[in-house]
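Following: one structure in structure tokens, then a few remarks.
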Amino acid sequence: MSKDTGKFITLEGGDGSGKSTQSRELAEFIKASGREVLLTREPGGAAGADEIRKLLLTGDPDRWDGAEETLLFYTARLNHLRLTVKPALAKGIWVISDRFADSTMAYQGYGNRLGPENVQKIHDVTVGSFEPDLTCILDLDVYEGLKRTHGRSHDEDRFERMDIEFHERMRKGFQAIAKENSHRCVLLDASGEPGVIQRELRRTVQDRLMS
Ligand code: TMP
């Protein structure tokens with residue numbers, strides 16, 4: 001990406017790993033450094049993508065299989081990239097997305113057993129070579145993560161209701177993604193105090209993107 005464009009940062013991790021709070025605080029930090037920031041999320045972040053979000057996150061866990069889900073996530077992703085992410089980056093705005101393509105690899109590729117090679121093929125013909133400048137993956141024990149989500153009242157819990165083996169496969173998927181993509185990925189331990197995790201995130205952004 002050229003010097004004039006903004007940076008694209010993605011936060012990834014299992015359910016209850018604290019991404020959303022951490023993303024908001026990271027946005028404040030980047031704003032305080034004098035940069036313009038857009039905080040967005042997937043699935044969603046554009047009008048059409050938000051409609052697809054409802055289809056994906058509500059209802060019975062068996063409503064879609066791995067292939068069906070993946071195509072819906074990628075339709076939402078293309079809509080989000082075209083209408084929100086790429087225009088912002090082109091204006092020099094830094095974009096933080098709470099989830100992006102690594103979630104499809106981990107949840108559908110590994111969790112829902114579509115297979116990483118198949119997700120990669122779909123990625124290549126849709127998103128292509130565009131990728132985040134930095135991806136921070138919050139790694140957490142899946143029981144701990146799911147325990148944290150149980151206190152929340154919301155109807156977008158289709159994935160939280162998948163069985164524990166699904167979540168274990170998804171976590172291993174994120175760990176494999178971090179290993180295979182070390183040029184852009186950092187795996188952070190999300191079991192500690194939120195303040196400690198935020199400091200680690202800020203240090204990573206500073207070292208990798210601001211210096
Ligand atoms: P969240 O907004 O609370 O992170 O919920 C989004 C849910 O959707 C979460 O359980 C992970 C799941 N998801 C996928 O399975 N694949 C994807 O590509 C994305 C972006 C999310």
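In each ligand, atom 1 is the first atom listed, and ligand 1 is the first ligand listed.
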Exercise. Below 4.0 angstrom, N of the basic side chain to O of the carboxylate: do K147 and E144 qualify?
Worked result: yes

Seminar exercise, completed: Within the heavy-atom cut-off of under 4.0 Å, ligand 1 is lined by D15, K19, E42, P43, R53, L57, F73, R77, R99, S103, T104, Y107, Q108, F159

For this session: From the options R53, K54, R161, select the one residue that forms a salt bridge (Lys or Arg N to Asp or Glu O under 4.0 Å) with E156.
Result: R53

For this session: Check each of T40, D50, T75 against H80 using the side chain to side chain donor-acceptor pair (under 3.5 Å) test, and report the only one that passes.
Result: T40

Problem set entry | Under 3.5 Å: donor-acceptor pair, side chain of R158, backbone of L57 | no

Problem set entry | Residue pair R99 / R41, side-chain heavy-atom distance below 4.5 Å | no

Exercise. Are the side chains of R35 and M210 in touch, meaning some heavy atoms are under 4.5 Å apart?
Worked result: yes

